[in-house]
Amino acid sequence: CPLCGVLLEKGSLVCAECARRTKPIREPLCKKCGRSIENTYAEFCRDCMEYGHFFSCGRSVYPYRGGIRRAVWRFKYKNCRCYAAYFSAAMWTYAGNWLVKWQQDQIIPVPIHRSKRKARGYNQAFLLAAPLGERLGVPVLEHGLLRVRATQPQKGLDRKNRQINMKRAFKIGRDDVKLRKILLVDDIYTTGSTIDAAAAVLLEEGAMEVRFLT
């Protein structure tokens, strides 16, 4: 089990106990970033009311804590790439109807710098995006965006420094990017600085709308 480590039954992606305990983010949600909000009458979270974003809206499946947080860390840094099956399936269960209704033209996984790709051996965002593309019948452009600047980890940085850290970090990577409705896929969403930086590049190149799923 990616969350607790017990041996799974054949065909299972997560153990029954973790499936029961792990709850996705529920309504009411911020209509911009998809965070859970306490005020049932509010449309946006405080963060989205105070700060502008380049993406139009997005969703995240789970709160980033507990077993989910530990599993994402192992998925990202400990070569547990097999966890992608569980996370991508959860993304589909949580947001599949939302994705089908929106009818995105292309899916672009948020890229990592080539130095990190060489050290890690894979981009975790692409492993999440590929199964979603198969389910939707939508092309997944692994190199639709390129990470052209090696940024320091966002963890531990405040909002302002996260934005500075991501400045000019991306550029368009492939000529066949059809800049219409694009879904960005990444592992986690915190302040949105990474998603914003990627969305800004796509919008500058003429994209109509950029959404995200993490």
| How about L127 and Y83: do any of their side-chain heavy atoms sit closer than 4.5 Å? | no
| query | Are side-chain heavy atoms of W102 and L183 found at a separation under 4.5 Å? | reply | yes
| query | Which heavy atom in V140 sits nearest to a heavy atom in A129, and how many Å separate them? | reply | CG2-O, 3.6 Å
| task | Quick one: closest heavy-atom pair of L3 and G67, and the distance? | result | CD2-O, 3.6 Å
| Is a side-chain donor or acceptor of R59 paired with a backbone partner of I25 at a separation under 3.5 angstrom? | no
| message | Is it true that, when you exclude N97 itself, more than 12 heavy atoms of the residues, nucleotides or ligands shown sit nearer than 6.0 Å to its CG? | response | no
| Could you state the interatomic distance from CZ (F170) to CG (D196), rounded to the nearest 0.5 Å? | 10.5 Å
| With a cut-off of 6.0 Å (strictly less than), are more than 12 heavy atoms of other residues, nucleotides or ligands near CZ of R46? | no
| Minimum side-chain heavy-atom gap H53-D47 below 4.5 Å | yes
| query | Just wondering, are more than 12 heavy atoms of other shown residues or ligands nearer than 6.0 Å to CZ in R114? | reply | no
| Is the shortest heavy-atom distance from the side chain of S36 to the side chain of P63 under 4.5 Å? | no
| note | Closest non-hydrogen atoms of R211 and S56, given as atom of the first, atom of the second and distance, are CG-OG, 3.3 Å
| message | So which atom in L132 and which in I107 form the shortest heavy-atom distance, rounded to 0.1 Å? | response | C-CD1, 4.2 Å
| Are the side chain of K76 and the backbone N or O of Q124 linked by a donor-acceptor pair below 3.5 Å? | no
| Do the side chain of S88 and the main chain of L128 share a donor and acceptor less than 3.5 angstrom apart? | yes
| Do I188 and T214 have side-chain heavy atoms sitting under 4.5 Å apart? | no
| Does R35 use its side chain to pair, donor to acceptor, with the backbone of C30 at less than 3.5 Å? | no
| message | Please report the interatomic distance CZ(F54) to CD(E204), rounded to the nearest 0.5 Å. | response | 7.0 Å
| Side-chain touch D105/I182, heavy atoms, less than 4.5 angstrom | no
| task | Find the distance between NZ (K31) and SG (C45) and round it off to the nearest 0.5 Å. | result | 12.5 Å
| message | Under 4.0 Å between a side-chain nitrogen and a carboxylate oxygen: does that hold for R21 and E17? | response | yes
| Side-chain heavy atoms of C33 within contact of Y189, under 4.5 Å | yes
| Is there side-chain contact between I172 and V201, with at least one heavy-atom pair below 4.5 Å? | yes
| query | Taking atom CD1 of I37 and atom CD of E43, what is their separation to the nearest 0.5 Å? | reply | 8.5 Å
| task | Report yes or no: do Y94 and L99 belong to one cluster of Ile/Leu/Val/Met/Phe/Trp/Tyr joined by side chain heavy-atom distances under 4.5 Å? | result | yes
| Nearest non-hydrogen partners of A125 and V110, listed with the distance | CB-O, 3.5 Å
| request: Of all the heavy-atom pairs spanning A19 and V14, show the shortest one and how long it is. | output: CB-CG1, 3.9 Å
| request: Mind checking the CG-CZ spacing from N79 to R74? Nearest 0.5 Å is all I need. | output: 13.0 Å
| Among the clusters formed by ILVMFWY side chains lying less than 4.5 Å apart, do I112 and L213 turn up in the same one? | no
| query | Hey, any chance Y122 and Y86 share a hydrophobic cluster, counting ILVMFWY side chains that come within less than 4.5 Å of each other, even indirectly? | reply | yes
| task | Report whether V6 and I68 are members of the same hydrophobic cluster (ILVMFWY, side-chain heavy atoms less than 4.5 Å apart, transitive linking). | result | no
| message | For the CZ atom on F44, are there more than 12 heavy atoms of other groups (residues, nucleotides or ligands in this structure) within a distance under 6.0 Å? | response | yes
| task | Measure the CZ-NE2 distance between R120 and H113 for me, rounded to the nearest 0.5 Å. | result | 13.0 Å
| Are F87 and W98 linked, directly or through other ILVMFWY residues, by side chains that come within less than 4.5 angstrom of each other? | yes
| said: Checking the side chain of E27 only, and the main-chain atoms of L29 only, is there a donor and an acceptor separated by less than 3.5 Å? | reply: yes
| Between K32 and F55, is there a donor-acceptor pair closer than 3.5 Å when you use the side chain of the first and the backbone of the second? | yes
